[in-house]
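What you see is a predicted model; the values in this text were computed from it and never measured. Just so it is clear, the values below take in all heavy atoms, side chains as well, and ignore hydrogens, waters and symmetry mates.
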Amino acid sequence: MTRLSRIQLQMMEQAIFLPMVISILNRDLAHLKEHQPFKLNEPYIQLVTFTLKEAQKELYQLKQDLRKEKMKVQQIEHDEGFTTYLFVMDGYEEKHKYFNPRIRHRVEELLTYYFLHQEK
């Protein structure tokens, strides 16, 4: 049983997934700039750059909210199938184990969300 509310759990999970999204976007941006895989690269570079900035803004705000709520997340164990994270809130600690394909799927969902819900 968890002591975290649904919203707190969502915040903790965002703190896991958003850095992964940002890492993927950074890697994709470097690949786009280096290899130029499209005939017209600039629109793709702009899309990834804008998406990256939005994800970074959201992560910055999330980190502030976590700090304000005295909450932390850290990875403590990783193997082929699962990754375990330690959630700390007000001195309480909880371990949460995530199936790696589930993490990958959630990161894909977030990337899709960021790409499809752009507001310029």
Side-chain angles (χ1 to χ4, degrees):
M1 184 72 186
T2 181
R3 291 181 179 257
L4 299 171
S5 71
R6 186 179 56 82
I7 291 176
Q8 290 169 325
L9 183 60
Q10 287 174 342
M11 288 172 64
M12 294 289 210
E13 288 182 345
Q14 283 293 90
I16 294 169
F17 303 136
L18 271 176
M20 292 178 190
V21 168
I22 290 168
S23 174
I24 290 167
L25 289 170
N26 277 319
R27 195 172 336 134
D28 290 352
L29 186 59
H31 183 78
L32 280 171
K33 289 180 177 179
E34 188 176 318
H35 299 289
Q36 307 221 351
F38 301 107
K39 192 167 193 150
L40 298 172
N41 264 343
E42 194 56 34
Y44 298 100
I45 290 172
Q46 288 177 7
L47 175 65
V48 173
T49 301
F50 180 79
T51 304
L52 178 60
K53 287 179 184 176
E54 290 301 307
Q56 288 170 332
K57 282 183 207 173
E58 192 167 323
L59 181 60
Y60 176 78
Q61 184 61 50
L62 177 65
K63 284 183 176 184
Q64 286 184 326
D65 293 344
L66 288 173
R67 197 172 304 118
K68 186 174 71 177
E69 297 290 324
K70 298 178 183 147
M71 296 166 50
K72 287 184 188 178
V73 178
Q74 69 185 89
Q75 181 179 326
I76 56 173
E77 194 176 323
H78 178 78
D79 61 33
E80 289 181 21
F82 292 92
T83 303
T84 304
Y85 293 91
L86 181 67
F87 293 179
V88 180
M89 186 189 85
D90 284 331
Y92 294 103
E93 295 182 354
E94 293 181 6
K95 290 181 181 178
H96 291 256
K97 198 172 199 174
Y98 291 88
F99 188 47
N100 289 338
R102 180 183 178 269
I103 293 172
R104 180 184 180 94
H105 180 72
R106 183 63 183 133
V107 170
E108 285 178 4
E109 286 176 344
L110 283 170
L111 278 168
T112 301
Y113 171 81
Y114 280 114
F115 281 134
L116 298 179
H117 294 91
Q118 303 278 337
E119 293 181 20
K120 291 188 179 185

* **salt bridge (charged side-chain N to carboxylate O under 4.0 Å, His left out) partners of Glu69, counting only residues at least two apart** => none
* To do: With sequence neighbours excluded, tell me which residues meet salt bridge (charged side-chain N to carboxylate O under 4.0 Å, His left out) with Glu109.
  =>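 By the salt bridge (charged side-chain N to carboxylate O under 4.0 Å, His left out) rule, Glu109 matches Arg106.
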* To do: Anything under 30° is parallel, anything over 60° is perpendicular, the rest tilted; go ahead and classify Phe82 against Phe99.
  => tilted
* Asked: How are the rings of Phe38 and Tyr44 set to each other: parallel, tilted or perpendicular (split at 30° and 60°)?
  ->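 Answer is parallel, since the angle falls under 30°.
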* **Side-chain donor/acceptor of Asn100 to backbone N/O of Glu80, under 3.5 Å** => yes
* Group every Ile, Leu, Val, Met, Phe, Trp and Tyr by side-chain heavy-atom contacts under 4.5 Å, then state whether Tyr113 and Phe115 land in the same group. => yes
* Asked: Can you get from Leu66 to Ile7 by hopping between Ile, Leu, Val, Met, Phe, Trp and Tyr side chains that sit under 4.5 Å apart?
  ->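 Both belong to a single hydrophobic cluster.
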* Asked: Does the side chain to side chain contact (heavy atoms under 4.5 Å, CB included) test come out yes or no for Leu25 and Leu111, once each step is laid out?
  -> CA-CA 9 Å; Leu25 289 170; Leu111 278 168; 3.7 Å; yes
* To do: Please name the pair of heavy atoms, one in Gln14 and one in Glu58, separated by the smallest distance, quoted to 0.1 Å.
  =>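 Closest pair (atom of Gln14, atom of Glu58, distance): NE2-OE2, 3.3 Å.
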* **Audit row: Tyr60, Gln64, side chain to side chain donor-acceptor pair (under 3.5 Å) steps and yes/no** => CA-CA 6 Å; Tyr60 176 78; Gln64 286 184 326; 3.0 Å; yes
* To do: Kindly give the cluster partners of Ile76, where membership spreads through any ILVMFWY side chain lying under 4.5 Å from a current member.
  => Leu86, Val88
* Asked: Within a strict 4.5 Å, meaning less than it, do heavy atoms of the Ile45 and Glu42 side chains meet?
  ->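 When only atoms from C-beta onward are counted, Glu42 and Ile45 do touch, with a gap below 4.5 Å.
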